[in-house]
Amino acid sequence: MAEPLKHDRSDRSDRSDPFDPPAPRPGGIAARARATTGNAYLEGLNPEQLQAVETLDGPVLVLAGAGTGKTRVLTTRVAHILATGRAFPSQILSVTFTNRAAREMKDRVAAMVGEAVEGMPWLGTFHSIGAKILRRHAELVGLKSNFTILDTDDQIRLLKQILSAADIDDKRWPARVLAGMIDSWKNRGLLPDKVPAGEAASFADGRGAGLYTAYQERLKTLNAVDFGDLLLENLRLFGKEPDVLAQYQARFRYMLVDEYQDTNVAQYLWLRLLAQGQRNLCCVGDDDQSIYGWRGAEVDNILRFEHDFRGAKVIRLERNYRSTGHILATASHLIAHNESRLGKTLRTEAEQGDKVSVTGAWDSEEEAREIGDEIETLRRQGHKLSQIAILVRASFQMREFEDRFVTLNLPYRVIGGPRFYERAEIRDALAYFRCIVSPADDLAFERIVNLPKRGLGESTLQTLHDYARAHNAPLMEAARVLSATEELKPKPRGSLRDLTLAFERWRGQMEAMPHTELAEIVLEESGYTDMWQNERSADAAGRLENLKELVRSMEAFDNLPGFLEHISLVMDVESGAGQDAVNVMTLHSAKGLEFDTVFLPGWEEGLLPHQRSLDEQGRAGLEEERRLAHVGLTRARHRAKLYFASHRRIHGMWNSTVASRFIDELPEANVEVTEAKGGWGQPASRFERAEPFSSTYGTPGWQRGRAQRDENGAKNSTKNGVKGFADKHQRGFKGGPGTIDGKVVGRTSAPRAAFVLGERIFHTKFGYGEVTEVDGNKLTVQFDKAGEKRVIDTFVDRV
DNA sequence: TGATGCTGCGTTTTT
DNA sequence: CGCAGCATCA
């Protein structure tokens, strides 16, 4: 994944924005810090930060708002512990969620205390540390220390096998759904026997828990774990082996946790067990940035910290060093609408800067055009594109921007797309390597046994499975034995023999040659690279390139097993030459990043807040969406620009949309409502600059929109779903050529007479045309100018 | 065994 | 609308 971005308040000296003065550094305090301790690394910390660094004994919760220097606190705290000799590097447990965060922390600690971090073996992600502990004690939980870590793909394939073995219709009860349930159980620290009866019953007529059990058993036979197990098995280990637990409790004199608001129950339990030893647990987080509730994060963990860890000290970091005044005030005012929060008041000493802008566009295309234009202007003024980001709620929004940027010839990069390791060719190659390192890795074997095609089909594989089951042997072994018998037809038999011999040969070469060389040989001799070379599809070349990249990335490791361990936990490869390009990503992937200019399109009801969140999570969902909006705003250093469109194409059809309620929740004093320059002429009267809010929100269109929104919101009605999106009362909003500004075309709720074929109509976006097909409320229209389009009948008028 | 057609679905994503 | 995943057919 490309990762040219800076986080938090990392080095600011290379900031590119020529118009911005350097951000203020907290001054004065440094002197005090020096006087107190004489430690250079404490210089420049503000009093709260200093307190967070120096409060070493007992549980500490650092509530660190966006841009308040939390990473700095965390790294300085480590440096402080080391510098004051309170612990050796190997006695500090420091956990993060992502590899990116772990890497950053490692780098920054290293920069502060020199190379001592080489010796910080317990700095890493929850999963990598869980894996490390588990490998040391694997036998105690029924594994061997070289267990394989399955990813989601393997997990699903395994569950499919289990479902079919249990004779359950994969159609009615999809494996991915079961995988999701098992994940959520594991997230909550639930072993199969602890799963609440109701939940277990909700899958396959009550067989959910049984399937979970079967899955766990199968994992043990395969000597494999999934991601959830890395923690769950730790919990099981600590539960049944108090000695082992005590050993780690004694070891970890200091524990640090980043992004505590994202921890799930299993992680919480894990931390709590380990912290019971020394009780020196420091959790850093921000409840206002909790945006992963849907994947098991428990905001409660942070909300209840003081209760769970008695005597905990809570320190608030509220001085923001990132954003200008208007941006910070806007974000704070918005998030203040949430009820479930600990409450912080962010402040800054930075200048007010530009107001946050809110721009209404006619439709999502105009929105993209407008943003494209503004970016070009910024570029002309000398701003770096890499300091500009477009943050969207859902990835389908990205497409319009990509289209636009391609026509403008504006370099952009999409962050967080399909990831390197998820590509089929990478997973195939890894499966080959896994088969070499772990001959018993059945999942890997199955993946590549007939790839490239070797004439080994369903029936051959079935024979292998039968033998394997009967002799309790891995598939590889079954293949070796059976290829020496008359059991199989000559052709598959020959292929299998060749394959097993090849694997034995490669395994033999493992010691003799560098693993990168072996990797190349394997991909070559197996016919795998040939397979892609012979394929003349458009992306074959890219896949071959990816394979080379994979081999190249192996150079950083000592051997094949080491590489595989890394890849199963990290699975991302540094790439992206870091050229100057606009960053396009989702709000979720923007967490932890910052940019000079942030564009936030799509602030519409149903999209942000997302309808689905509202339907499924009610008020909690709304609050999480609001936090998402807050995260978006707080990514901006100097310019935050919000947009909403009145029409958006969703699933190929144009829907009328209403501005997000979050726009109503912004403080007038810090926001400026502007008008899109595009040609569709939002009537100026509605977007008066002088009195933006009164005039904007006073129009009939707005009021109806709001009325309808309230109606929908009050009930959290599921039935409305995306239909709430298609606002039939928005007709006064249209502003295409030939309409009268601001004129409201009244409409009753009575169904209108159906359109008939051949009828002439007018559409606010596409102009005049003729109906060629009617399908309920959907019309196919041959437009005079725009060609054939499918539209909704409420957007067209008879002429 | 491979290609083609149909159905269903459509938010966010790490490890 | 566009795609992914599956089923069916040649």
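A note on names: the letters A, B, ... follow the listed sequences, proteins ahead of strands, and every chain is numbered from 1. Because the structure is a prediction, the values reported are computed rather than measured.
Looking at heavy-atom distances under 4.0 Å, A:L456 makes contact with sugar-phosphate atoms alone, never a base. Among the heavy atoms of the strands, none lies under 4.0 Å from A:G228. Contact annotation for A:E616: base contact, defined as any heavy-atom pair under 4.0 Å involving a base atom.
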Quiz item: Given the rule in the salt bridge (charged side-chain N to carboxylate O under 4.0 Å, His left out) test, do A:R627 and A:D287 qualify, once you have shown the distances and angles that lead to the verdict?
Solution: CA-CA 9 Å; A:R627 291 194 289 267; A:D287 50 322; over 6 Å; no
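Residue A:R295 places its side chain closer to B:dT13 than to any other of B:dT11, B:dT1, B:dT13. Here the side chain of A:K160 is nearest to one of B:dT15, C:dC6, B:dT1, namely C:dC6. Minimum atom distance to the side chain of A:R393 is reached by B:dT11, of the listed B:dT15, B:dT13, B:dT11. Listed nucleotides: B:dT14, B:dT13, C:dG2. Nearest to the side chain of A:R399: C:dG2. Taking the side chain of A:D170 as heavy atoms from C-beta on, and the options B:dT11, B:dT15, C:dC6, the nearest nucleotide is C:dC6. Closest to the A:S589 side chain, of the nucleotides B:dT14, C:dC1, B:dT13, is B:dT13. When each of C:dC6, B:dT12, B:dT1 is scored by its nearest atom to the side-chain atoms of A:H588, the top-ranked nucleotide is B:dT12.
In this model, the phosphate group of B:dT15 is not approached by any side-chain N or O of A:T152 to a distance below 4.0 Å at OP1 or OP2. When the side-chain nitrogen and oxygen atoms of A:N187 are compared with OP1 and OP2 of B:dT15, none of them lie within a distance under 4.0 Å. Contact between the side-chain N/O atoms of A:K186 and the OP1/OP2 oxygens of B:dT15 is not found at any separation under 4.0 Å. Contact annotation: A:N99 side-chain N/O to B:dT14 OP1/OP2 distance is not under 4.0 Å.
Taking the six-membered ring where tryptophan is involved, the planes of A:W270 and A:F126 are perpendicular, since the angle between them exceeds 60° and thus also 30°.
Donor-acceptor pairing under 3.5 Å, judged by distance alone, is absent between the side chain of A:R612 and the base of B:dT11.
Within the 6.0 Å centre-distance limit, the rings of A:Y292 and A:W294 are counted as a close aromatic pair. Taking the six-membered ring for Trp, A:Y212 and A:W185 have ring centres closer than 6.0 Å.
Side-chain contact check for A:N264 and A:R188: no donor-acceptor pair (N or O, by modelled atom type) lies under 3.5 Å.
A stacking contact between A:F227 and B:dT14 is absent: the pair does not combine a ring-centre distance of less than 5.5 Å to the base's six-membered ring with planes differing by less than 30°. Centre separation under 5.5 Å together with a plane angle under 30° does not hold for the ring of A:H651 and the six-membered base ring of C:dG2, so they are not marked as stacked. Stacking between A:H610 and B:dT11 is shown: the ring centroid lies under 5.5 Å from the centre of the six-membered base ring, and the planes differ by under 30°.
For B:dT12 and C:dG5, the P atoms lie 15 Å apart once the distance is rounded to whole Å. Taking atom P on both nucleotides, C:dG2 is separated from B:dT13 by 22 Å, rounded to a whole Å.
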